[in-house]
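In what follows, chains are A, B, ... by sequence order, proteins preceding strands, each numbered from 1. Quick caveat: nothing in here was measured; it's all calculated off a predicted structure.
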There are 2 protein chains.
Amino acid sequence: MAVLSGDRTEVAARITIKDVALAANVSVSTASKALNERGRMTVETRKRIQDIAQKMGFRPNAMARALVHQRSFTLGLLTNDTYGRFTLPIAAGLSSAMADRGVSVFLCAIDDDPERVRLNLEAMEDKRVDGLVVSGKRIDRVLPVDLPAVHMPVVYVNAACPPGAIGFVPDDEGGAHAAVAHLVSLGRTRIAHVTGPRSFGAVGLREKGWLRALSEAALPCFGAALSGEWSERFGYESGQLLVAKPVSDRPDAVFCGNDQIARGLIDALTLAGLRVPEDIAVVGFDNWEIFATATRPPLTTVDMALKELGRQAGVTLLDLIDGKPVEAGQRRLPCRLKVRQSCGSEEPSTE
Amino acid sequence: MAVLSGDRTEVAARITIKDVALAANVSVSTASKALNERGRMTVETRKRIQDIAQKMGFRPNAMARALVHQRSFTLGLLTNDTYGRFTLPIAAGLSSAMADRGVSVFLCAIDDDPERVRLNLEAMEDKRVDGLVVSGKRIDRVLPVDLPAVHMPVVYVNAACPPGAIGFVPDDEGGAHAAVAHLVSLGRTRIAHVTGPRSFGAVGLREKGWLRALSEAALPCFGAALSGEWSERFGYESGQLLVAKPVSDRPDAVFCGNDQIARGLIDALTLAGLRVPEDIAVVGFDNWEIFATATRPPLTTVDMALKELGRQAGVTLLDLIDGKPVEAGQRRLPCRLKVRQSCGSEEPSTE
DNA sequence: CTGAAAGCGCTTACAG
DNA sequence: CTGAAAGCGCTTACAG
C-alpha cells in the first residue's frame, strides 16, 4: 500500500534571507537592500547577492514583509452567488488582474447566511487582507455585510452600493439601448420587450433602455413590456402569446430581458412555424454562452463584461488602499452587444 | 463631490496584544498565554484578560502567528476552468469546509497559460500557503502544474492525478450504473446511450456503467453508444435519428452522457410527437440545474456532488498538511441520482 | 503564577 | 559602502 505521509512532501526547511546573507558573506540587512534595490552599494555586490539568491531559489516570505509593511497584498472576495452565473467571471477577472500586481485574493463563499458572513469576515480581518470586494447576484440587493464593522476599504460589484460607498455594476440601460438601437438600425419598427420580474432593479433599467431607443427612433412603444420569471418557460409562454395574435398585431422583433427568456421565446416561435430572424428578430441579455450558442439560430445578446467588472473593481480597490482619492458612488460599466444571427444582421461579428 | 480618500476608511491603528497587555497590566507573554489557554494561571486573571481583549476588539494578527507556527492556515486553489461549470461548486464546497476550520483559500485563475501558472504558483509559494488544490475540467487531463517544483502538499480534483499523487473525481461509472439501473427498475428494457466524444475519459467510464447495468439485468445492449459533441445540437440530431427508425427498432429509454445532450434529445423527440417519458424515458448526467429544470419534463439526471468533492479534497489536504498518513491514488466519490420526471418514475423525489 | 528573552523572516532608519 | 539594532505582532521555552 502506497502511503503518502505528510512529511514526504515537506521540504527541507525553506531557505531564508539569512541563508542568502551567509552564502554571500554579507549581513542580512545588506542582503535585504541588495535584493530590494534600495540603499547604495556597488553594482557588483548587488548583482552577486542577487545571483546567489536566485541560485539558491530564495523567495522572500510574504508574511514577514507584510508584517513590517503593514500591507499584506491580499484581498478578500465575498460572494453570495454560489450558483456561479455571475461570480466566476467576476472572480476570474479580479483574480487575474490582481495576480499581475502581486496581490492574491481569498474566496469567501457566503450563502446569505449571516453566520457564514461573520465567520468569513473575521477570517479576513485576522488574515489582515488589505481590502474587500463584495459581489452579489442582483444589483438592487445589498449583501448582509456589516460595513461599519469592517476595518478596511470595500468595493461592491454587481450588488447594491450603500450610500457613500463605491460600486460597480453593468450599465443595464445602456446595454438594452444598444440592443434595441441595433434592431432599429436593421429596419425593425415593431419591437416588443419580454423580461423578468419587476422586483429586479435590472428589469426597470433594461426597460428604460428599450423605451429610450424607441423614442430616439421616433418609434411607437409596441405594447407594454411583458414581465414574468427569468425562465425559459416564461419565454416560451410569451412566445405562444405572440403567435396567437393576428399577424397585424405581432412585433417584428423582441428584445428579451435575459438569454433564457430569449431561448424559450425562440423555441415557441419556431414551433409555431415562424422564422427567426426573418419573421421576428430576437435579442437577449447576458451572453450566457451555453444558451446563446445553443439557440437556433445563435443568439444576438448583450454581454455584461463581468470579467472587466471584476478587474476594475480590483484596480479601484487597490487605489483606495493606496490612499488615492476615489470618488464615491456607483459606476455603470459599459455592456457590449454580441451580434450573432438571431437579430438578422447582415454581418455577424466574427469571433 | 464626495470623495472617498483611502484614509477615510483607514482604521485607527489596529489594536495589538501589546495594547491588551497594557490595559490588563500584565506582560505580553502572560496576555498571550491567557488568550491561548496555555500555561497555568488563576482562572480570574485569565478571564479578566480575555474580557479586556474582547472588549477592546482584539483579533490576533494571523500573519504574525503564521510566522512563528510555520503554518499559514491558507490554501491555494488553482483552476483552469474559468467557464465555471465545475469550478464554482468545487470552490464553494472547499471554501466553506475550510472556513469552518479557520483556513482561507486563495483563488488562482490560470487559463492553461503556463505563464499564469508560474505567476500564481510563485504567489502561493511567497504567501506560504500550506497546500494546494488543483482543479480541472476533465478527469483525464493533467494540469500544467510543475508538481516537483512545488514545495507543498497537493491534491487534485476533477483532473487527472499524476502517479503517486492524491486525487478526487466523481465516480462516473457508478453514477451511470445507478442511472441505468433506475431505468431498468422502472421496467425499461431497450436502453440506448448517447454521449460525448470518445476522447474524454468520462465517456468511457459512463459507457462502462451503462453496459454493466444492462448485463446485470441480463438485458441486451441496445446498439452501440452514440458518440458526438457535448452539445444540445448533437442531442437533437441523435433524437432525430432515433425518431427516424421504425418503431420496433426504437429504444424505450435513453441514457445521455450529459444534460445538454439530454435536453437536445428531448426537444427532438417532443417535436416528433413522441412523449417523454411515456414513449421514451430520458436520463441525463451533470444535474446542471439550469438545464435539468428547463427541459420539459424536468430531467432526471446524475449529480456529481461537486461541492462534496471540493470539501473532501480540502479535508484530505489538511490531513496531509498535518502529517497524517494518507493513501496515494485517486478516489472516486459517489454520484447520486436526482430523480425528476423524464425517467417516468412514479415518485419524483421532493426537493 | 508571571515576565524577560529569544525568535519566526523580513525591513528600515541610523551609525560607522 | 556596510552592518548592528530595533521593530512588525505574536509565541514559546526558560527563569524567577
Between the protein and nucleotides 11-13 of chain C, are there any N/O to N/O pairs under 3.5 Å, and if so, what are the atom names and distances?
| residue | atom | partner | partner atom | Å |
| --- | --- | --- | --- | --- |
| C:dT11 | OP1 | A:N36 | ND2 | 3.1 |
| C:dT11 | OP1 | A:R65 | NE | 3.2 |
| C:dT11 | OP1 | A:R65 | NH2 | 3.2 |
| C:dT11 | OP2 | A:S32 | OG | 2.8 |
| C:dT11 | OP2 | A:N36 | ND2 | 3.3 |
| C:dT11 | O3' | A:H69 | NE2 | 3.4 |
| C:dT12 | OP1 | A:H69 | NE2 | 3.0 |

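- Using a distance-only test at 3.5 Å, with no hydrogens or angles considered, a donor-acceptor pair links the side chain of A:R116 to the main chain of B:S96.
- Between A:R14 and B:E125, at least one side-chain nitrogen of the basic residue sits less than 4.0 Å from a carboxylate oxygen of the acidic one, meeting the salt-bridge criterion.
- Screening residues 20-50 of chain B for ring-ring contact (aromatic ring centres under 6.0 Å, His included), with sequence neighbours left out, gives no hits.
- Nucleotides C:dG9 and D:dT2 place their P atoms 25 Å apart, quoted to the nearest Å.
- Between A:R311 and A:D100 there is no salt bridge, since none of the side-chain N atoms of the basic residue sits less than 4.0 Å from a carboxylate O of the acidic one.
- The backbone N or O of A:R38 sits nowhere less than 3.5 Å from a side-chain atom of A:N36 that would complete a donor-acceptor pair.
- With distances taken from any side-chain atom of B:M41 to the nucleotides D:dT2, C:dC1, D:dG9, the minimum falls on C:dC1.
- The nucleotide whose nearest atom lies closest to any side-chain atom of A:R40 is, among C:dG3, D:dC1, D:dG9, D:dC1.
- Within the 3.5 Å criterion, the main-chain N or O of A:K324 finds no donor-acceptor partner in the side chain of A:D322.
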(message) Dot-bracket for DNA chain C, please. Rules: Watson-Crick or G-U, both distances under 3.5 Å, ( ) within the strand, [ ] when a pair crosses earlier ones, | for another strand, . otherwise.
(response) |||.||||||||.|||
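- No donor-acceptor pair closer than 3.5 Å links the side chain of A:N158 to the backbone N or O of A:S135.
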